[in-house]
There are 2 protein chains.
Amino acid sequence: MSMSLQIEPRPALPLCPIEPAAHIIGQKWTLQIVYFLLDSPSMRFCELQDRLGGVNPSTLSSRLKMLEEEGIVRRTQISAIPPHVEYSLTEMGRSLEEVIRAVTQWSNTWLCGCCS
Amino acid sequence: MSMSLQIEPRPALPLCPIEPAAHIIGQKWTLQIVYFLLDSPSMRFCELQDRLGGVNPSTLSSRLKMLEEEGIVRRTQISAIPPHVEYSLTEMGRSLEEVIRAVTQWSNTWLCGCCS
DNA sequence: AAATCATACTATAATAAACGTAGTACTATG
DNA sequence: CATAGTACTACGTTTATTATAGTATGATTT
């Protein structure tokens, strides 16, 4: 038997299990959007725009679209006078409450909104 | 008494309390970096690079610099042979464990690493 | 009827963030 | 002397986010 020199395929590194979540959460404005939607049953586009204070409407639009595609946000057309659109969290979206809670806790403890 | 027409200064909207945290966490790679650093006492630049699989070294460099400035990551020069650099979490960084835990939980429940 | 307002966006051009690729500077090892 | 490991930086390109303006619809005011 001859041992031939060959390159061992190196064992795959363990993947980062939070990567898919980080892909969603680690985008600008996502956490804030979820934060506000957790706080009220539904919000309008302009309302979110105001609350986020300074987000670009194009960015907000694409972020909401992405969150809808991911199953986190629900978009509802309301046929009232005047007709408008309401955004709310799905069950999947509401389940981010634990994450938001942890972030809020951390933020209050370490970033200290009181003494900036 | 005459009622003069005047514009009420509208009450300031309540700020988003997680904004400072979102500013840090909501950047690409931050969550993954913290995830891996929580898992081992310290890591090297190249090690992180490998684990993150595909991050640009410039981006990783600036992200680590930012995390160091924020007080989350500690950079230590090791004068051994060969000399190198080790990155580890500060107490503030380690306190992100709750956040990572919540994200991991959510990721496992809803993004289902098993059936992508 | 015309102008104005509210709502929910889209369009455009500019800047900032992240990217791929390559290269640098150091030490050690073959 | 060439190659390898470590920790980056440099360069030019693509993608994301931004500021600002504009569109489309329907209702309300003049």
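Below, chain A is the first sequence line, B the second, and so on; all start at residue 1.
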Could you give the [atom1]-to-[atom2] distance, from [X] to [N], as a whole number of Å?
X	N	atom1	atom2	result
I78(A)	dA27(D)	CD1	P	16 Å
L64(B)	dA7(D)	CG	P	11 Å
R63(B)	dC8(D)	CZ	P	15 Å
L60(B)	dT9(D)	CG	C1'	13 Å
Q27(A)	dA18(C)	CD	P	11 Å
Q77(A)	dT25(D)	CD	C1'	12 Å

Spell out, as yes or no, whether a donor-acceptor pair under 3.5 Å connects the side chain of [X] to the backbone of [Y].
X	Y	answer
S107(A)	P17(B)	yes
T109(A)	Q105(A)	yes
R63(A)	K28(A)	yes
E69(B)	M66(B)	no

- request: Please check if atom NE2 in H23(B) has more than 12 non-hydrogen atoms from other residues, nucleotides or ligands closer than 6.0 Å.
  value: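 Incorrect, the count does not exceed 12.
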- prompt: Will you find, in the side chains of W29(B) and T59(B), an N or O donor that is under 3.5 Å from an N or O acceptor?
  reply: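 Side chains of W29(B) and T59(B): no pair found under 3.5 Å.
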query: Using a cut-off of less than 4.0 Å, is there contact between a side-chain N or O of K28(B) and OP1 or OP2 of dA16(D)?
result: no
Please produce a list of atom pairs where a protein N or O lies less than 3.5 Å from an N or O of nucleotides 4-11 of chain C.
from, atom 1, to, atom 2, distance (Å)
dA8(C), OP1, V85(A), N, 2.5
dA8(C), OP1, V85(A), O, 2.9
dC9(C), OP1, R75(A), NH2, 2.3
dC9(C), OP2, Y87(A), OH, 2.6
dT10(C), OP1, K65(A), NZ, 3.4
dT10(C), OP2, S61(A), OG, 2.8
dA11(C), N6, S58(A), OG, 3.2

